Structures are given as C-alpha cells and as structure tokens.
Number of protein chains: 2
Amino acid sequence: MPYDPSAFPPFAVTVDLVVLTVRRHSLCALVVRRGEPPFQGRWALPGGFVRADEDLAAAAARELAEETGLCAHDPATPAQGNGAHLEQLATYGDPKRDPRMRVVSVAHLVLAPDLPAPRAGGDAHSARWAPVEALLNQGGYGREGEQAAPLAFDHAQILADGVERARSKIEYSSLATAFCPAEFTVGELRRVYEAVWGVALDPRNFHRKVTGTVGFLVPTGGTTTRQGGRPAQLFRAGGATLLNPPMLRPEV
Amino acid sequence: MPYDPSAFPPFAVTVDLVVLTVRRHSLCALVVRRGEPPFQGRWALPGGFVRADEDLAAAAARELAEETGLCAHDPATPAQGNGAHLEQLATYGDPKRDPRMRVVSVAHLVLAPDLPAPRAGGDAHSARWAPVEALLNQGGYGREGEQAAPLAFDHAQILADGVERARSKIEYSSLATAFCPAEFTVGELRRVYEAVWGVALDPRNFHRKVTGTVGFLVPTGGTTTRQGGRPAQLFRAGGATLLNPPMLRPEV
DNA sequence: ATCATAGTCGTCTCACTGACGATAAACACT
DNA sequence: AGTGTTTATCGTCAGTGAGACGACTATGAT
C-alpha cells in the first residue's frame with residue numbers, strides 16, 4: 001500500500017531559523033517583519049522553502065546567509081570560519097500551522113556571536129534582534145513599551161523550543177563559545193551563560209570550573225582590558241565539545 | 001518571493017519509527033522486512049506517509065499502532081495507558097535518501113516495555129525485534145550468523161541517532177521506566193540501564209541512587225520474586241521526569 | 001592617592017559517587 | 001535440615017567536585 005507515487009499527499013517543506021545571540025547582557029533572537037499576509041506586519045522567524053534538490057541543513061545555511069550574511073558551519077563540517085553553530089532543532093507539522101496550505105517546517109537552531117548587524121534579506125522586509133524574553137512573554141509588556149504582538153504562525157513555540165535547547169545544551173557542551181568571538185575572556189564567557197540562563201554566576205567558581213575543564217579553553221597568550229578592570233587572559237575554544245562533568249545551572 | 005503557492009517544490013513526508021525495547025538483556029529495535037523495491041527483502045524501520053490532515057505525532061502514533069498494537073502516549077498527553085513513550089527524534093531530508101522521489105522523513109523515537117510480540121502490519125511483510133548491536137554493526141557478524149545486510153535507506157543512521165538519544169536521555173530523565181512494565185523492581189530497572197548502555201552497574205550504588213532520588217520511584221507495597229533470589233520491592237514510576245543529579249554513565 | 005571594577009587564587013564544607021563489606025530472604029540442591 | 005546460589009538491601013569510607021566566600025591583583029577613573 002505505501003509508496004504508490006500517486007498516492008501520497010504533497011507537502012511544502014520549509015526551514016525556519018532560531019538565530020540566537022547575546023547582546024547587551026540579554027539573549028536575543030533574529031526576527032523579520034512579514035511583508036505579506038498572513039500575519040502581515042507581524043514579526044516572524046526567518047525561513048523559507050527548501051529547494052527541490054537541497055539538503056535540509058543546506059537550506060538552513062542558505063537562508064541564514066541570505067538573512068544575515070553569516071556563514072554557518074554545522075558541526076559535521078569542521079570548517080571553522082567565522083561561522084555560527086547550526087543544528088537541526090525540531091520539525092513542526094500541525095496541519096493548521098499555516099492557513100494557506102500544508103507546510104512542514106524543519107526548524108534549525110543557530111548560535112552566533114554578537115553584532116552581525118542584521119541586514120534585510122532579499123525581500124524588503126526589515127530584520128532585527130529582539131530579546132527572547134520580550135518575544136516570549138507576549139502577555140507581559142516589553143521594557144520600553146515594545147510591541148506585545150506574538151510571533152507569527154507557531155513561531156513562539158519554535159523559539160521557545162530553541163531557547164530551551166540552547167539553555168540545556170550549554171550545560172554539557174562547549175557550545176557557549178559559539179556566542180563569543182574567536183578570542184574571548186572568561187568573564188565574557190560567563191556573561192554568555194548568565195544571559196542565556198538568566199541567572200548570576202559566581203565569577204570565582206566559574207573561573208575555576210572553565211579553566212579546570214581540560215580541552216574547553218586554550219589560552220592565546222594575549223590579554224585584554226576591554227571590559228575595564230584588571231586585564232584578562234584571552235582564550236580560544238578548545239577541542240572538547242562535551243563538558244564532563246557539566247556546568248551546573250543554578251536551581252530555580 | 002517566498003510563499004507563491006505554485007512556486008514550492010512538492011515533497012512526500014513520512015514518519016519513520018525507532019521503536020526500542022529491552023529483551024533478554026539487550027536493547028532491541030523493531031524492524032520490518034520490505035516487500036517491494038527499493039531495498040526489497042531488506043530490513044527497515046517501520047513507517048509510512050503522513051496523511052493530508054494529520055499531525056506528525058499522530059501519524060507516528062498511528063503507524064505504531066498499526067505495526068505493534070501499542071498505544072503511544074506522547075508526554076504532552078498524560079494519558080498514561082499501557083502506552084509507550086513517543087517523542088520526535090529528528091528529520092532526514094537528503095535529496096537522495098529515497099531513489100524514487102524527494103522524501104522528507106520525520107523520525108520518531110518510541111520506548112516500549114518488553115514483549116508486545118510484533119505483529120505484521122497491514123501489509124504482509126514480517127516484523128521482528130532485532131538487537132541494535134547487530135543492526136548497527138553491519139560490518140561485524142551477528143551472534144548466530146545473523147544477516148549482516150545493512151538497513152534500508154538511511155535507516156541505520158536514524159536508528160543510531162535514536163539509540164544515542166535513548167542512551168543519553170535515561171541519564172537525566174526517568175525515561176528508563178518506559179522500558180519497564182507498570183510495576184517493576186529496582187533490579188529490573190537496573191537491567192534496563194545495563195542493556196541500553198551496554199555496561200554493568202553496581203547493584204548497591206544503583207539501588208541507593210534510584211531510591212534516594214525523590215519522585216523517581218514510588219513503592220507499591222507489593223513484592224515479587226520473579227527474578228529469583230530474595231523478594232524485591234515493587235515500584236511504579238513517580239511523578240518526577242527529570243533526574244537531578246543525573247544518573248552517571250560509567251566512563252568508556 | 002583613593003576608589004571602582006574586574007580578574008584570579010585559595011580555603012572550607014557539604015553532597016554525591018564509586019568501591020566494596022555485610023546481611024537478608026528466597027530457591028535448588030543434597 | 002543444611003548448604004550453596006541468587007538477588008535484594010543496608011552501611012561504611014574515601015575521593016571528587018560544587019557552592020560560599022575571603023583575599024589579593026592589576027587596570028582605569030576621580
């Protein structure tokens with residue numbers, strides 16, 4: 001019964017991107033304003049159709065490049081450019097998620113360093129970074145009277161899933177370094193954890209932990225004082241991808 | 001440019017199932033023999049097309065019921081039948097993964113208690129439990145000269161991903177109880193961990209750990225001696241879904 | 001000089017794990 | 001009945017690692 005080529009319903013397949021970065025001590029996601037109905041004028045996650053002979057990860061990387069100029073390197077391809085981390089997140093296929101037609105969307109998660117300065121994509125719609133807190137607490141009010149309109153489609157759910165993935169994944173992997181520039185200090189890395197988790201961490205215990213985990217950080221020899229205060233050692237991400245034992249997210 | 005209803009390429013969307021259980025001290029997966037080309041006669045994961053107005057999880061549950069009679073309850077639906085655990089695993093969409101057409105498959109992971117006695121699905125193809133070790137070590141030789149033919153399509157990769165998900169998820173969640181019947185002993189739960197991880201665990205430390213984690217196990221009052229030896233207390237799964245601190249998988 | 005800021009090193013305590021001894025309660029033999 | 005085997009369960013002890021927090025260092029700002 002299966003595999004009668006004329007007997008399967010056709011689907012549209014898209015990729016949606018949860019692009020996260022840390023800006024000004026808070027976790028932000030890339031959103032674009034929709035220029036057409038449905039949800040015209042609302043914010044949405046960037047994304048688009050998968051092409052006829054294009055792999056899912058390739059489609060995600062292409063959309064990312066179109067939208068931000070970032071060059072994603074997924075972990076399988078260890079071409080360590082200035083690229084961001086890209087991984088598949090989950091797939092959303094509720095029959096009613098798009099009112100126009102049956103669309104199955106394969107969401108991807110991208111973790112990028114700060115300040116790629118979002119540029120408008122091929123379309124004229126605008127793009128911006130928005131704090132995930134404001135995007136998800138649609139019931140609450142943004143800090144400065146920000147728009148409280150929820151994201152288009154089921155994108156709030158997708159974003160929430162992506163944020164949760166990022167929050168849990170930096171516990172047991174070295175992925176937090178994907179939010180940092182090529183060289184960074186322990187303090188900068190700590191501020192990434194604090195922004196993603198939304199908690200305060202003890203600088204001394206954090207320093208002991210990350211410098212004591214073999215393969216996590218390698219010193220470059222340089223120092224910097226860009227954060228003020230005493231100069232800090234600069235590090236690059238080490239080869240280790242899994243943290244064992246993991247970073248512990250403080251209770252509640 | 002996006003969302004021109006005539007401008008997106010049509011895809012077939014399927015669900016594939018990684019159904020895992022523990023039988024005779026080893027982790028086994030449900031496989032079906034393909035009755036038609038391509039890969040005719042080879043073993044494959046059960047699965048099928050998503051219907052036109054069917055949710056992805058619903059399609060997975062339907063295929064599971066057709067194939068095994070199991071009633072899956074996904075965690076969102078806390079209808080705790082004799083059902084198995086079901087969750088989305090990942091999506092596979094390589095343009096060449098199916099030689100006939102462009103198929104995107106949303107793989108799901110099912111964890112089931114032992115012995116649902118696989119029944120043939122709607123089709124005449126046979127179904128069986130096979131140790132994942134034999135299915136994945138296609139280069140090696142099965143214990144009893146089992147067939148060494150690899151799984152059809154990219155199903156070996158999907159199975160490997162599902163097994164890895166199960167192995168890591170029982171570390172920090174109470175999901176191992178999904179492999180157990182409604183009432184079980186600490187020893188039975190330990191043998192689940194041992195089978196999934198492929199290691200031996202110290203019975204005394206394991207007992208201390210699981211009985212000391214609040215919300216993991218609740219005693220039913222009964223005892224059983226079905227494993228031989230001293231009678232063991234019976235437990236049900238408690239309300240806790242996350243284990244904190246996690247079970248630690250022994251090194252190497 | 002003094003202060004504020006941020007980084008780095010140490011110490012103490014507690015929780016938890018791994019290794020492993022000891023006891024308990026069933027069954028299968030003799 | 002006794003002995004051995006099997007599995008369950010309780011205890012002990014040492015080592016690792018995390019949280020709390022004191023102390024010191026090196027820079028820029030006032």
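In what follows, chains carry the letters A, B, and so on, assigned in the order in which the sequence lines appear, proteins first and then strands, with residues in each chain numbered from 1. Everything quoted here is computed from the prediction, not taken from an experiment.
Using a distance-only test at 3.5 Å, with no hydrogens or angles considered, no donor-acceptor pair links the side chain of A:T223 to the main chain of A:Q233. Side-chain N or O atoms of B:R128 include none that pairs as donor or acceptor with a backbone N or O of B:A29 at under 3.5 Å. Between the side chain of A:H108 and the main chain of A:V106, a donor-acceptor pair closer than 3.5 Å is present. Without hydrogens or angle criteria, A:H155 side chain to A:L45 main chain gives a donor-acceptor distance under 3.5 Å.
Nearest heavy-atom pair, B:P245 versus B:K209, reported as atom, atom and distance to 0.1 Å: O-NZ, 2.9 Å. When all heavy atoms of B:W197 and B:R167 are compared, the pair lying nearest together is NE1-O, 2.8 Å.
Within residues 214-236 of chain A, the residues that place at least one heavy atom under 4.0 Å from DNA chain C are, in residue-number order, A:Q227, A:G228, A:G229, A:R230, A:P231, A:A232, A:Q233. The stretch residues 200-210 of chain A comes close to DNA chain C through A:R204, A:H207, A:R208, each having a heavy atom under 4.0 Å from the strand.
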Exercise for review: Determine, step by step, whether B:E183 and B:R236 satisfy the salt bridge (Lys or Arg N to Asp or Glu O under 4.0 Å) criterion, reporting the C-alpha distance in whole Å, the side-chain angles of both residues, the deciding distance to 0.1 Å, and the verdict.
Suggested key: CA-CA 5 Å; B:E183 295 199 348; B:R236 283 183 298 103; 5.3 Å; no
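Between A:R249 and the phosphate of D:dA18, there is no side-chain N or O to OP1/OP2 separation shorter than 4.0 Å.
Spacing between atom CD of B:E188 and atom C1' of D:dT7 amounts to 12 Å, rounded to whole angstrom units. Between the CD atom of A:E251 and the P atom of D:dA20 there is a distance of 10 Å, given to the nearest Å. With rounding to whole Å, A:L248 atom CG is found 15 Å from D:dA20 atom C1'.
Between B:L189 and B:F206 there is a side-chain heavy-atom pair separated by less than 4.5 Å.
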